[in-house]
Amino acid sequence: MTSKSCISIEGLSVSYGELRALRNVYLEIAAGDIHGIIGPNGAGKSTLFKAILGLQEPDSGSVSIWGQELDEVRKRVAYIPQKDEVDWEFPATVMDITLMGRYPHKRFFERIGDEDVSIAMQMLDKLGIADLKDRQIGQLSGGQQQRVFIARAMAQEPDLMLLDEPFVGVDATTESTIIKVLRDLSDQGKTFLVVHHDLSKVDDYFDQVILLNRRIIAAGPVASTFIPENIKKAYGSQSAILHKT
Ligand code: ADP
Ligand code: MG
């Protein structure tokens, strides 16, 4: 490996009852890149994130992040769940939500201070929604809501961010704003894992791609990995309608 490893997964298997969602996954995820995770519905993409984050107990296998256990590095890892797993009616303003990103840096009973507010404002500004800071989250469009959740994750100032289908239900402008923000941060050495299902954007958005369907089909640089042969293996009979444009 030429680049530094961020996540190292060894022999990871995850089941829900009888259903084996992930089978014997081995992965080395390099630091400082944007990695796309691609695969059909039910391929285990969200399960992979949950196992990395310790939200889903594996049957076997292990995950380390920067060579350490998740608990030791949790502050440095942010997660943006798939949209249908988030309660959008939660009564809070855009600023409240963004400031939640600062909590991992606070000790018990330590208050949010001016510096936290200033970091939150910077992130809202980067995402082009500073003017919405006092709005209730429930009153925003899908794209605006997603920007807020990205701003919260960025306010945490993480070195690793996992985004599960961040572009579902968002407008094209939001999508390009978000990808630009991720690109800037990855140029500064931050690592991103993005579950994504629009195959036409893979070449533009990602440095590395992981093709998944219950097991790893292929993983590596986009140019050599995101090829018809591997796409077909990942999507099986669905691949006829999902060809690259
Ligand atoms: P993806 O994100 O790639 O669509 P998931 O990781 O959500 O796939 O799901 C993988 C498989 O595991 C699917 O068959 C799904 O129905 C099943 N599954 C996911 N979460 C649960 C759960 N909490 N309980 C039971 N089955 C689940
Ligand atoms: Mg999913």
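The model shown is predicted, which means the values in this text are computed figures rather than measured ones. Whatever order the structure lists them in is the order used to number ligands and atoms, beginning at 1.
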**Complete:** Pocket residues around ligand 1 (non-hydrogen, under 4.0 Å) come out as Tyr16, Leu19, Ala21, Pro40, Asn41, Gly42, Ala43, Gly44, Lys45, Ser46, Thr47, Arg214
**Request:** Name the orientation class of the two ring planes belonging to His196 and Tyr205 (parallel below 30°, tilted from 30 to 60°, perpendicular beyond 60°).
**Result:** tilted
**Prompt:** Can you tell which of Thr191, Val77, Leu160 makes a side-chain contact (heavy atoms from CB on, under 4.5 Å) with Ile7?
**Reply:** Leu160
**Prompt:** Checking side-chain contact (heavy atoms from CB on, under 4.5 Å) against Ile129, which of Val148, Ile150, Thr174 comes through?
**Reply:** Val148
**Request:** Provide the protein N, O or S atoms situated under 2.8 Å from the Mg ion (ligand 2); waters are not included.
**Result:** Ser46 OG, Gln82 OE1
**Message:** Could you tell me if the side chain of Gln146 sits less than 4.5 Å from the side chain of Ile80, heavy atoms only?
**Reply:** yes
**Asked** How far apart are the C-alpha atoms of Arg74 and Asp71, what are their side-chain angles, what is the distance that settles it, and do they pass the salt bridge (charged side-chain N to carboxylate O under 4.0 Å, His left out) test?
**Response** CA-CA 5 Å; Arg74 199 177 283 276; Asp71 278 340; 2.8 Å; yes
**Request:** Please determine, by modelled atom types, if Asp59 and Ser15 share a side-chain donor-acceptor pair under 3.5 angstrom.
**Result:** yes
Do [X] side-chain atoms and [Y] backbone N/O form a donor-acceptor pair below 3.5 Å?
X: Thr225; Y: Val222; result: no
X: Ser118; Y: Asp114; result: no
X: Asp125; Y: Gln122; result: no

